[in-house]
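Have a look at the structure below, then the notes.
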Amino acid sequence: MIIAIDGPAAAGKGTLARALADRLNLAYLDTGLLYRATGHAVLRAGGDPADPVTAEAAARALSPADLDDPDLRTEAAAAAASAVAALPAVRAALLDVQRAFAARPPAGRDGVVLDGRDIGTVVCPEADHKLFITATLETRARRRFLELRDKGVDAIESSVLHDMVDRDARDSSRRVAPLVPAADAFVLDTSDLSVHDALAAALAYVRKRQ
Ligand code: C5P
């Protein structure tokens, strides 16, 4: 079974993907981490994340251990991720990694769930189930702000919101693999849903179609 989950930043994709993976015995890949690790590697080497040659080399050099770095969760890594994500050569390099994961779930798992921006449209258009998770801009900015505060990061809610507007605009307007719901995706707005209710709605969608 392949479940594709897409949507904008802080809509609740990761939480939902992990919960679905747990319930349905699936392996989970957070594809945003691949873009974050690529952007972060370029920054660490003193390069420009918007430079296609440097960024493609960083994407091709990624190893699984690079995805465990806690610095990938910073807003600087998110911005660098969004810059490298606009480059076709980077997307092509990371496409192979994502498709290989989807094609061969680890032993003992019944399938995979991938979350990102283009899973249902580009990476796994043949996915058995596609969810597009969204929430209002204010809800998403609030969630990200509280997340940062819980981690002890000194953030300002209005600038978190501002960064999110920029990133949404870049992700939605880029020419390759822009953030759009697949035509056959189930769109779920989590603005007024608890984690429990969002999971129940997603499970109901998956089960109805089996
Ligand atoms: O989901 P997350 O916020 O970790 O993603 C970071 C950035 O990586 C996104 O803003 C987007 O630019 C890029 N991304 C992408 N395609 C994916 C996953 C992430 O372009 N499948």
Side-chain angles (χ1 to χ4, degrees), residues 2-18 20-21 28-43 49-50 52 55-56 58-59 62 66-102 112-125 127 130-135 137 139-148 151 153 155 160-182 185 190:
I2 299 179
I3 301 183
I5 303 188
D6 292 300
K13 301 186 298 290
T15 307
L16 184 63
R18 267 186 293 271
L20 281 174
Y28 167 50
L29 179 64
D30 171 358
T31 67
L33 279 183
L34 300 170
Y35 292 90
R36 286 172 181 261
T38 302
H40 183 63
V42 174
L43 288 182
E56 183 187 357
L62 282 189
D66 294 330
L67 305 184
D68 292 333
D69 187 335
D71 286 349
L72 300 186
R73 292 288 163 205
T74 62
E75 292 303 292
S82 175
V84 299
L87 304 170
V90 168
R91 303 204 71 86
L94 298 180
L95 192 57
D96 297 343
V97 179
Q98 297 169 83
R99 288 207 172 135
F101 179 85
V112 291
V113 47
L114 291 87
D115 82 24
R117 301 290 187 289
D118 62 338
I119 309 303
T121 49
V122 176
V123 179
C124 300
K130 298 182 185 179
L131 291 121
F132 191 88
I133 307 303
T134 186
L137 174 64
T139 307
R140 295 187 292 115
R142 178 100 200 136
R143 285 179 188 161
R144 181 52 50 84
F145 168 71
L146 294 175
E147 236 171 67
L148 290 169
K151 278 193 266 173
V153 179
V160 171
L161 188 139
H162 186 259
D163 289 350
M164 207 164 260
V165 170
D166 282 354
R167 191 142 71 92
D168 283 354
R170 254 198 320 269
D171 290 346
S172 304
S173 66
R174 68 179 172 226
R175 254 185 299 148
V176 265
L179 171 66
V180 279
T190 66

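A quick note: this is a predicted structure, and the numbers were derived from the prediction, not measured. Numbering starts at 1 and runs along the sequence shown. When a ligand or atom number is given, it counts from 1 through the structure's own listing order.
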>> So which atom in Ser172 and which in Pro178 form the shortest heavy-atom distance, rounded to 0.1 Å?
In response: O-CB, 3.4 Å
> Which residues pass the salt bridge (charged side-chain N to carboxylate O under 4.0 Å, His left out) test with Asp71, sequence neighbours left out?
Replying inline: none
> What closest approach, in Å, do Ala85 and Arg174 show between heavy atoms, and which atom pair accounts for it?
Replying inline: CB-NH1, 3.6 Å
Distances only, to 0.1 Å: what are the N or O pairs between ligand 1 and the protein that fall under 3.5 Å?
residue	atom	partner	partner atom	Å
ligand 1	1 (O)	Arg117	NH1	2.9
ligand 1	1 (O)	Arg117	NH2	3.4
ligand 1	3 (O)	Arg36	NH2	3.0
ligand 1	3 (O)	Arg117	NH2	3.3
ligand 1	3 (O)	Arg167	NH1	3.0
ligand 1	4 (O)	Arg36	NE	2.6
ligand 1	4 (O)	Arg36	NH2	3.3
ligand 1	10 (O)	Arg117	NH2	3.4
ligand 1	10 (O)	Arg167	NH1	2.7
ligand 1	10 (O)	Asp171	OD2	2.7
ligand 1	12 (O)	Asp171	OD1	2.6
ligand 1	12 (O)	Asp171	OD2	3.4
ligand 1	16 (N)	Arg91	NH2	3.0
ligand 1	20 (O)	Arg91	NH1	2.8
ligand 1	20 (O)	Arg91	NH2	3.3
ligand 1	20 (O)	Arg174	NH1	3.0
ligand 1	20 (O)	Arg174	NH2	2.8
ligand 1	21 (N)	Thr31	OG1	3.0
ligand 1	21 (N)	Arg117	N	3.1
ligand 1	21 (N)	Asp118	OD1	2.9

> Does Ala102 have any side-chain contact (heavy atoms from CB on, under 4.5 Å) partners at least two apart in sequence or in another chain, and if so, which?
Replying inline: Ile2, Val112, Leu114, Cys124
> Got Lys13 and Ile119 here, is their nearest side-chain heavy-atom distance under 4.5 Å?
Replying inline: no
>> Going by side-chain contact (heavy atoms from CB on, under 4.5 Å), name the residues that satisfy it together with Val122, two or more places apart in sequence or in a different chain.
In response: Leu95, Asp118, Ala177
